[in-house]
Amino acid sequence: MTMGKQLWMLGLGLLAASAAGAVDYAGSGVGAIPDNNPNGINVSFNTTGFQGPLGHVRVTLNLTHTFVGDLRATLISPNGLARLVLFARTGYKRAASPGVSANLAGAYVFDDLLGADLWASVAPLATSQTVPPGSYRTSTAGFSGISDAGGCSTHLDLAFGGLDPTQAGGTWTLNVADVGAGDSGTVNSATLTLNATSTMFASGFESGAPGPAPVASNATGTCRKALFDYTGDGRSDYPTVRNTGGGPSGAITWTIVESLAGTLPTFVHGVASDTFIDGDFDGDGIADAVAWRPSSGSFLVRRSSRVQDSLLEIPFGQIGDDPQHVGDYDGDGVSDATVFRAGATAGAPSVFLIRLSSSGQTRTITAGENGAFPSGGIDLNGDNRADVGVQSNAGGGMARFRQYDGSSNFNFTDTTFGTPTDLYITGNHAGNLRGDITVARGVGGMINWTTREAIGGAAQPTIVHGASATDFALTGDYDGDGLDDYAVWRPSPMPAQSKFIIRRSTNTAVLLEVFAGENGDYPVANTRVN
């Protein structure tokens, strides 16, 4: 089986938090927020002596400021070990760059278990109205003219949960920055509340995992997450991995190129015999680098909210499972552990096994049979939760596609399309809010892409993009418009000439080329191609 036809699995451990041991810490260093200054103001909390491990976090921020869209608030644990944006650039998105001109005045409480997120509350407000003081979920940042990524509910407890007393005790920092000109405000007071947890590992086998993750707010702002978005701006990035250690046990170095920030610092994660995937296991709206180790059947997660911390290790599945189809199957904004397990014999039923981050329970979705190629991890039927599909041989040179609700196992699509040897591309290319059926095949040395809207059945014109002999087909939203683009990575024997080539849905006439990786590397975005 080729790497493009491999599958993967993901998992999330749970750590039960209790209200026992809650301690309030008053912030020092409050005052005026510098206007149009990304350095902002740092409010400090001295938590020395806290008895962890940490289970639950709450931030109460009393402030006044005109134009909430100017602000960014970030909580950082001692020594910078873990961090999370509480809110940032509220209302800024692709089609509405000015953000929201409502004002902040009063006490705003950020807690995973309280209220909707800030985006939902500001949406109906007119200019200069006040955002109601009260309780809110934390949420992802907005990005002017770039994407609609802002407004996804995030998770304080997953970002900081599980910190031991030496990690949670010390000086916490709440950075509040005004990153737009012309408005001003003041942090009047701030309180950090930390709760110790009563049970370290509720589900019995995780290493360093917080949870369970509460379901995301029903009242959220525009929320779109792109696959392979390691920077959180709502656009897929350009990750490649390279064996820098030699042999099957050689260390793997990750390189991620982002269109605005350039090449991010490289890091070592995993060994050559692992498989490499993405998923948001800490609920911060940013993809984590994940290595799945077949020898132990476990996921090793480098969390984006705490890259300096030890890896999150999640045992789930067994040797022979395919762990490619991670997604949010329970609607809590956190990736769920998902493995595809082929039927043991020809014709025997195959299953997706999904470990739900919101409960720790395993859900079984029966889909296809031995020999079918699976795809999962994105919303296929419009209910904002991940679903699954399988591609199999229908006979007569045709391929059969079946799609299943990831919650109920209802088979809502059963259709023929393409050929059994086509690559099955996970993604949303058809121009609606659901995933589709996209296939790619080599024709005359080129890659032909064809997309069919899964529910309505309308096929899009075939697109020719990429060279079948050399290029890796990819999935991802590289222009931030909420639709996946037809994309390939082309390795070159010439140094610094390997490149990603993107046919953007926003500009089909001009290809986007991003030089990244070297010959012999592997583009991680190929893992959603089967």
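Start at 1 with the first residue, then count along the sequence.
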Going by atom types only, do T275 and W292 share a side-chain donor-acceptor pair under 3.5 Å?
no
Contact list for residues 361-371, test salt bridge (Lys or Arg N to Asp or Glu O under 4.0 Å), sequence neighbours left out
E369-R402
Do F500 and F515 have their ring centres less than 6.0 Å from each other?
no
So, do F340 and F352 have ring centers that fall under 6.0 Å from each other?
yes
Assess whether atom CG of N79 is packed by more than 12 heavy atoms of other residues, nucleotides or ligands within 6.0 Å.
no
So, do V85 and T138 sit near enough that their side-chain heavy atoms are less than 4.5 Å apart?
no
Consider only side-chain N and O atoms of S304 and D284, and report whether a donor and an acceptor are under 3.5 Å apart.
yes
Among residues two or more places apart or on two chains, list those pairs meeting side-chain hydrogen bond (donor to acceptor under 3.5 Å, both in side chains) that have a residue in residues 511-521.
R242-D521, K499-E513
Six-ring centre of F281, R303 cation under 6.0 angstrom, axis tolerance 45°
no
In terms of the angle between their ring planes, are W254 and Y230 parallel, tilted or perpendicular, with boundaries placed at 30° and 60°?
perpendicular
Q391 and D422, any side-chain heavy atoms less than 4.5 Å apart:
yes
Would the F160 and W172 ring centres measure less than 6.0 Å apart?
yes
